[in-house]
Amino acid sequence: MNAPLSGSPPVPIPSRTQFVLQHLTHAILTGRLAPGSALVETELAAHFGVSKTPVREALKTLAGRGLVLMSEYKGAAVRTVDAEMARSVYDVRLLLEPEAVRRTVASGAGLDAAHDALRRADTAVDTAERSLANRDFHRALYLPCGNPLLARMLDDLRDQAALVSSFAWQADPTWDREAEEHRAILARAEVGDAEGTGGLLREHIEGFVRRAFPQDGPPEDLAQAQEVQA
């Protein structure tokens with residue numbers, strides 16, 4: 001395995017599958033493994049210093065999360081991002097996340113984790129750290145919603161949403177605008193305005209989809225970027 005996964009620490013003997021899973025997830029969500037990249041079990045096993053079994057199990061988990069596609073004939077590859085996939089993921093987010101956040105604010109749950117995520121995003125030294133902090137901000141707002149099933153459903157979506165946003169930012173880095181929107185959402189939550197917070201979050205998600213994937217298909221530069229990375 002080449003440069004995108006270089007610099008990994010030695011593999012601990014316990015939890016080898018979890019170790020491989022953690023590093024592959026990070027590499028995919030930060031764009032170091034681009035959409036369409038082949039994931040060859042033998043190469044990954046050699047890179048991580050493990051047998052093919054933990055690699056295979058990690059790939060199965062990633063496939064279950066929607067980050068990897070597995071084919072009997074073509075093997076495994078990082079999932080490709082396109083407008084249809086993005087709209088499907090964000091359509092479900094729009095159905096669930098504003099309501100979850102509305103419930104969090106209405107319950108008076110603490111917002112310390114959301115503040116921490118914003119601080120990490122503001123001080124991030126690269127897009128990888130910013131992307132992960134962005135994901136943590138959203139989770140900090142919906143996780144205390146009081147409905148574990150609703151929170152788990154959003155957790156199941158967040159890796160795919162992070163893959164979409166990471167890829168879109170490579171063509172059009174709009175994270176400064178989105179950071180301002182995050183601050184406005186959190187400010188509304190702090191005053192206990194549950195309906196207003198949910199409304200701002202909906203506008204935030206809808207705005208990202210409109211910018212990144214307009215109705216007539218992906219912007220030309222985004223499509224070209226995907227062709228280069230595939």
Side-chain angles (χ1 to χ4, degrees), residues 22 25-26 28-31 62 65-67 79 81 85-124 126-170 172-213:
Q22 176 185 346
T25 299
H26 188 273
I28 292 170
L29 294 182
T30 57
L62 290 169
R65 293 180 181 175
L67 295 182
R79 184 171 184 173
V81 176
M85 176 265 195
R87 292 195 192 103
S88 294
V89 170
Y90 276 76
D91 183 44
V92 178
R93 281 189 72 189
L94 282 168
L95 290 171
L96 300 180
E97 193 168 339
E99 174 61 18
V101 171
R102 187 194 69 77
R103 293 185 182 196
T104 292
V105 176
S107 73
L111 301 171
D112 289 348
H115 279 287
D116 178 66
L118 272 186
R119 284 192 293 270
R120 287 192 288 113
D122 287 340
T123 59
D126 56 31
T127 58
E129 288 185 16
R130 191 188 288 259
S131 176
L132 294 172
N134 173 75
R135 188 173 66 146
D136 289 345
F137 173 80
H138 281 269
R139 189 171 193 262
L141 288 179
Y142 72 66
L143 191 62
C145 69
N147 184 325
L149 178 59
L150 177 56
R152 188 160 60 249
M153 292 170 71
L154 285 165
D155 269 352
D156 289 343
L157 281 175
R158 72 185 191 129
D159 282 345
Q160 295 180 62
L163 179 63
V164 172
S165 60
S166 176
F167 182 66
W169 285 339
Q170 293 176 43
D172 185 14
T174 60
W175 46 67
D176 287 336
R177 174 174 179 170
E178 285 146 27
E180 287 297 325
E181 293 172 358
H182 283 176
R183 281 187 275 272
I185 291 167
L186 187 53
R188 189 67 62 91
E190 285 180 315
V191 299
D193 182 357
E195 296 298 331
T197 304
L200 283 180
L201 180 68
R202 174 174 293 278
E203 292 173 9
H204 170 67
I205 295 172
E206 289 176 335
F208 172 80
V209 175
R210 283 196 303 269
R211 291 190 297 272
F213 297 93

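These figures come from a predicted structure and were not determined experimentally. For reference, positions follow the sequence shown, starting with 1.
Within the structure, salt bridge (Lys or Arg N to Asp or Glu O under 4.0 Å) contacts touching residues 103-113 (residues at least two apart or in different chains) are Glu99-Arg103.
A salt bridge does not link Arg152 to Asp156: none of the charged side-chain nitrogens sits closer than 4.0 Å to a carboxylate oxygen.
Legend: residues meeting side-chain hydrogen bond (donor to acceptor under 3.5 Å, both in side chains) with Arg158, ordered by chain and number and at least two apart, are absent. Considering only residues two or more places apart in sequence or on other chains, Asp155 meets the side-chain hydrogen bond (donor to acceptor under 3.5 Å, both in side chains) condition with Arg139, Tyr142. With sequence neighbours excluded, no residue forms a side-chain hydrogen bond (donor to acceptor under 3.5 Å, both in side chains) with Arg119. For Ala86, the side chain to side chain contact (heavy atoms under 4.5 Å, CB included) partners at least two apart in sequence or on another chain are Val164, Phe213. The side-chain hydrogen bond (donor to acceptor under 3.5 Å, both in side chains) search around Gln160 returns Arg79, not counting sequence neighbours. Residues satisfying the side chain to side chain contact (heavy atoms under 4.5 Å, CB included) criterion with Glu195, sequence neighbours excluded, are Arg102, Asp193. With sequence neighbours excluded, the residues forming a side chain to side chain contact (heavy atoms under 4.5 Å, CB included) with Glu206 are Leu94, Arg202, Arg210, listed by chain and number. By the side chain to side chain contact (heavy atoms under 4.5 Å, CB included) test, Ala161 pairs with Val89, Tyr90, Arg93, sequence neighbours left out. For the salt bridge (Lys or Arg N to Asp or Glu O under 4.0 Å) test, residues two or more places apart in sequence or in another chain that qualify with Glu180 are Arg183. Remark: Arg177 engages Glu181 in a salt bridge (Lys or Arg N to Asp or Glu O under 4.0 Å) (not counting sequence neighbours).
Ring geometry for His182 versus His138: interplanar angle over 60°, hence perpendicular rather than tilted (30 to 60°).
For CE of Met85, the number of neighbouring non-hydrogen atoms (other residues, nucleotides, ligands) closer than 6.0 Å is greater than 12.
Of all the heavy atoms in Ala100 and Leu150, the pair that sits closest is CB-CD2, 3.6 Å. Here the closest heavy-atom approach between residue Ala133 and residue Ala121 is recorded as CB-N, 3.6 Å.
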